[in-house]
Amino acid sequence: MAGTCVVFDIGGVLELTPETGWVQRWEERLELSPGTVHERMRDVWRAGSVGSIGEQEVHEQLTARLGLDAHDLEAFMADLWTEYLGTPNEELIAHARGLRGRCRLGILSNSFVGARERETSRYRFDELVERIVYSHEIGVEKPDPRAFDTVCAALDVRPENCLFIDDVEVNVEAARTAGMQAHLFEDNARTIARIETHLTSGPDRSARPR
């Protein structure tokens, strides 16, 4: 296990994913009180994020719990994926593409069943990095330490040699606790500068021991 590594989150980092208000629109359309969709679907969303159910069962539960017909189900899922996939963070993706050959590259993402197929089709992240670790495929989500262990193992790198980039502070702190270097994504300029520092300075010897 050797070599410098950079691992990216997807949503909010490689993808720009502002809220679109789609859930609220559907609650108005279905004449449901605010918060009803997530209240009824919370356990399904959770199960889909760790892969304990598949897309077909998600669709069945939406039909049963929200009373969607086939046309509404298709439109509901289209709205869900539109917000989920967002738009590409072109500047950061271009920088990541330029890192190939300089370090190992990976992705660690809290995800949902169907994400790999859609993100591969739209963004070709599989061509950007060497390994993509999705929560719905490994059965655990960040900030669970097993998620960070899994991505380091997949890339065959030591945690202290790896810089993890995420837009959620609890995940950044969890990565540090797992022995990785970590950076809270706030904008491209600071993130790119942090990546370059990581690649030129080597492991952060002040990183917390595992």
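Computed over heavy atoms, backbone and side chain alike; hydrogens, waters and symmetry mates excluded.
- Atom-to-atom distance recorded for D126:CG and E119:CD is 10.5 Å, nearest 0.5 angstrom.
- Interatomic distance, T36 OG1 to M41 CE, rounded to the nearest 0.5 Å: 12.5 Å.
- Side-chain heavy atoms closer than 4.5 Å link hydrophobic residues (I, L, V, M, F, W, Y) into clusters, and following such links, possibly through other members, connects I53 to W45.
- Contact record, A147 with I138: CA-CD1, 4.1 Å, taken as the closest heavy-atom pair.
- Across every non-hydrogen atom of L73 and H59, the tightest pair is CD2-CB, 3.7 Å.
- More than 12 heavy atoms of other residues, nucleotides or ligands shown are found within 6.0 angstrom of CD on E127.
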Checking side chain to side chain contact (heavy atoms under 4.5 Å, CB included) for the pair I107/V133: CA distance, chi angles, key distance, verdict?
-> CA-CA 6 Å; I107 282 173; V133 175; over 6 Å; no

With side chain to side chain contact (heavy atoms under 4.5 Å, CB included) as the test, would you mind laying out the steps for Y134 and L108 before giving the verdict?
-> CA-CA 6 Å; Y134 283 110; L108 175 62; over 6 Å; no

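- N89 and N188 are linked by a side-chain donor-acceptor pair at a separation below 3.5 angstrom, with hydrogens and angles left out of the test.
- The two residues R116 and I132 make their nearest non-hydrogen contact at NH2-O, 3.0 Å.
- You'll find the side chain of F164 stays beyond 4.5 Å of the side chain of V6, heavy atoms only.
- The shortest distance between side-chain heavy atoms of Y123 and L14 does not fall below 4.5 Å.
- Using a 4.5 Å heavy-atom cutoff, the side chains of R97 and L128 are in contact.
- Of the possible donor and acceptor atoms, one in the side chain of R25 sits under 3.5 Å from a partner among the backbone N and O of T20.
- V168 is not connected to V7 by any chain of hydrophobic side-chain contacts under 4.5 Å among Ile, Leu, Val, Met, Phe, Trp and Tyr, and they are in different clusters.
- Between F112 and Y84, the distance from one ring center to the other does not fall under 6.0 angstrom.
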In sequence, state the C-alpha distance, the side-chain angles, and the governing distance for C152 and M180, and then conclude on side chain to side chain contact (heavy atoms under 4.5 Å, CB included).
-> CA-CA 9 Å; C152 289; M180 302 172 77; 4.1 Å; yes

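- Taking CZ of R40 as the reference point, atom CZ of R65 lies at 10.0 Å (rounded to 0.5 Å).
- Side-chain contact between L30 and L68: present, with at least one pair of heavy atoms (C-beta onward) separated by less than 4.5 Å.
- Between E173 and K142, none of the side-chain N atoms (NZ, or NE/NH1/NH2) sits under 4.0 Å from a carboxylate O, so this pair counts as no salt bridge.
- Comment: R46 engages E141 in a salt bridge, judged by a side-chain N to carboxylate O separation of less than 4.0 angstrom.
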Under the side chain to side chain contact (heavy atoms under 4.5 Å, CB included) criterion, do R194 and F185 qualify, and how do the steps go?
-> CA-CA 10 Å; R194 180 65 184 89; F185 177 86; over 6 Å; no

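- You'll find the side chain of L62 reaches within 4.5 Å of the side chain of M77, heavy atoms only.
- Ionic pairing of R102 and E196 is present here: one or more N-O contacts between side-chain nitrogen and carboxylate oxygen are shorter than 4.0 angstrom.
- Taken to the nearest 0.5 Å, the CG atom of L163 stands 8.0 Å off from the CZ atom of F8.
- Proximity of D166 to L184: side-chain heavy atoms (C-beta onward) are nowhere separated by under 4.5 Å.
- In this structure, R29 pairs ionically with D72, as a charged nitrogen and a carboxylate oxygen lie closer than 4.0 Å.
- Distance alone, capped at 3.5 Å, is enough to place a donor-acceptor pair between the T200 side chain and the T197 backbone.
- Tracing side-chain contacts under 4.5 Å through hydrophobic residues (I, L, V, M, F, W, Y), one reaches F125 starting from L85; they form part of the same cluster.
- A 4.5 Å side-chain heavy-atom check between D167 and D9 finds at least one atom pair inside the cut-off.
- In this structure, the side chain of R104 engages the main chain of L155 through a donor-acceptor pair within 3.5 Å.
- Hydrophobic clustering of Ile, Leu, Val, Met, Phe, Trp and Tyr side chains at less than 4.5 Å, counting indirect connections, keeps I10 apart from V50.
- Between W81 and G114 the shortest heavy-atom distance is CH2-C, 3.7 Å.
- In the displayed structure, E19 atom CD is contacted under 6.0 Å by at most 12 heavy atoms of other residues, nucleotides or ligands.
- With respect to T191, the side chain to side chain donor-acceptor pair (under 3.5 Å) criterion is satisfied by exactly one of H183, H95, E91: H183.
- Expressed to the nearest 0.5 Å, how far CD of Q181 lies from CD of E160 amounts to 9.0 Å.
- A pairwise comparison of heavy atoms in T17 and G11 identifies OG1-C, 4.1 Å as the closest pair.
- For E74, the CD atom counts as loosely surrounded, since its 6.0 Å shell holds 12 or fewer non-hydrogen atoms of other residues, nucleotides or ligands.
- Ion pairing between a basic and an acidic side chain is recognised when a charged N comes within 4.0 Å of a carboxylate O; R146 and D149 show no such pairing.
- At a threshold of 4.5 Å between non-hydrogen side-chain atoms, the residues D79 and W26 count as touching.
- I165 and V172 fall into different hydrophobic clusters, where Ile, Leu, Val, Met, Phe, Trp and Tyr residues are linked whenever their side-chain heavy atoms come under 4.5 Å apart, directly or through other members.
- Distance check, rounded to the nearest 0.5 Å: CG of N110 to OG of S49 gives 7.0 Å.
- Judged purely by atom type and a 3.5 angstrom limit, E130 uses its side chain to pair as donor or acceptor with the backbone of L105.
- Remark: the H136 side chain and the S111 side chain contain an N/O donor-acceptor pair separated by less than 3.5 Å.
- Counting only N and O atoms by type, the side chains of H198 and T4 include no donor and acceptor under 3.5 Å apart.
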